[in-house]
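What you are looking at is a predicted structure, and each value in this text was computed from that prediction instead of being measured. Side chains included, hydrogens not; waters and symmetry mates left out as well; all remaining heavy atoms used.
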Amino acid sequence: VQLQASGGGLVQFGGSLSVSCAVSGGTFSIQTVGWYRQSPGEQRELVATISSGNRKNYVDSVKGRFTISRDNAENTVTLQMNSLKPEDTGVYYCHTRYYGMEFWGKGTQVTVSS
């Protein structure tokens, strides 16, 4: 399974960005996919997940601002991030599990300036 992240970039406080994850090599329709982020000196934290049944979960700090979605035809998961804050800055990684194994994409940088 391979995950390819794209998107991210630099945005001002209150702005919007999206990051997308293209998943290949598995059976995307049955996989839960998540987005994690890691800031310098911090542990990687779970931001949002979306299940095969389209159930969505978010860390409290992004509820109401971030939306995760999936496109089973394109095998992609997108994280739309609105009302961004400086504390949302970090490297964003997509993740999935498949038959007991974990897979990570290369991170994409999101920077929110104050």
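Residue pairs meeting the disulfide (SG to SG under 2.5 Å) criterion with at least one partner in residues 20-114, sequence neighbours excluded, are C21-C94. The stretch residues 31-83 participates, sequence neighbours left out, in no disulfide (SG to SG under 2.5 Å) pair at all.
Annotation: the span from F66 atom CZ to S16 atom OG amounts to 9.5 Å, rounded to 0.5 Å. S20 OG to Q80 CD: the interatomic distance, rounded to the nearest 0.5 Å, is 9.0 Å. Rounding to the nearest 0.5 Å places CD1 of I50 at 12.5 Å from CH2 of W35. Note that the CD1 atom of I30 and the CG atom of N72 stand 11.0 Å from one another [nearest 0.5 Å]. Distance check, rounded to the nearest 0.5 Å: CD of Q31 to OG of S51 gives 12.0 Å. Taken to the nearest 0.5 Å, the OG1 atom of T78 stands 8.5 Å off from the CD1 atom of I68.
Every salt bridge (charged side-chain N to carboxylate O under 4.0 Å, His left out) that E102 has, sequence neighbours left out, goes to R97. Residues passing the side chain to side chain donor-acceptor pair (under 3.5 Å) test with K106, sequence neighbours excluded: none.
Side-chain contact between V110 and R37 is absent, with no heavy atoms from C-beta onward closer than 4.5 Å. A heavy-atom distance below 4.5 Å is not found between the side chains of T76 and F28. Annotation: side chain of N54 is in contact with side chain of R70 (closest heavy-atom distance under 4.5 Å).
Taking Ile, Leu, Val, Met, Phe, Trp and Tyr as hydrophobic and joining them when side-chain heavy atoms fall under 4.5 Å apart, one finds L10 isolated, its cluster having no other members. Grouping Ile, Leu, Val, Met, Phe, Trp and Tyr by side-chain contacts under 4.5 Å, direct or through others, puts W104 with Y36, L46, V91, Y93.
Under a cut-off of 6.0 angstrom, the local environment of CD in E87 is crowded, with over 12 non-hydrogen atoms contributed by other residues, nucleotides or ligands. The neighbour count for Q12 CD, taken as heavy atoms of other residues, nucleotides or ligands under 6.0 Å away, does not exceed 12. Within 6.0 Å of the CD atom in E74, the count of heavy atoms belonging to other residues, nucleotides or ligands does not exceed 12. No more than 12 heavy atoms of other residues, nucleotides or ligands sit less than 6.0 Å from atom CD of Q4.
For the pair R65 and Y58, the cation-pi test (distance below 6.0 Å, angle within 45°) is failed.
Shortest non-hydrogen contact noted between L17 and L84 is N-CD1, 3.7 Å. Across all non-hydrogen atoms, the minimal contact from S29 to S52 is O-CB, 3.1 Å.
Using modelled atom types, one side-chain atom of T96 and one backbone atom of T32 make a donor-acceptor pair closer than 3.5 Å. The closest donor-acceptor contact from the side chain of T108 to the backbone of G7 lies under 3.5 Å.
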**OP:** In sequence, state the C-alpha distance, the side-chain angles, and the governing distance for K85 and D88, and then conclude on salt bridge (Lys or Arg N to Asp or Glu O under 4.0 Å).
**Re:** CA-CA 5 Å; K85 305 175 181 180; D88 295 317; over 6 Å; no

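Using a 3.5 Å distance cut-off with no hydrogens or angles, the side chains of T89 and T111 do not pair a donor with an acceptor.
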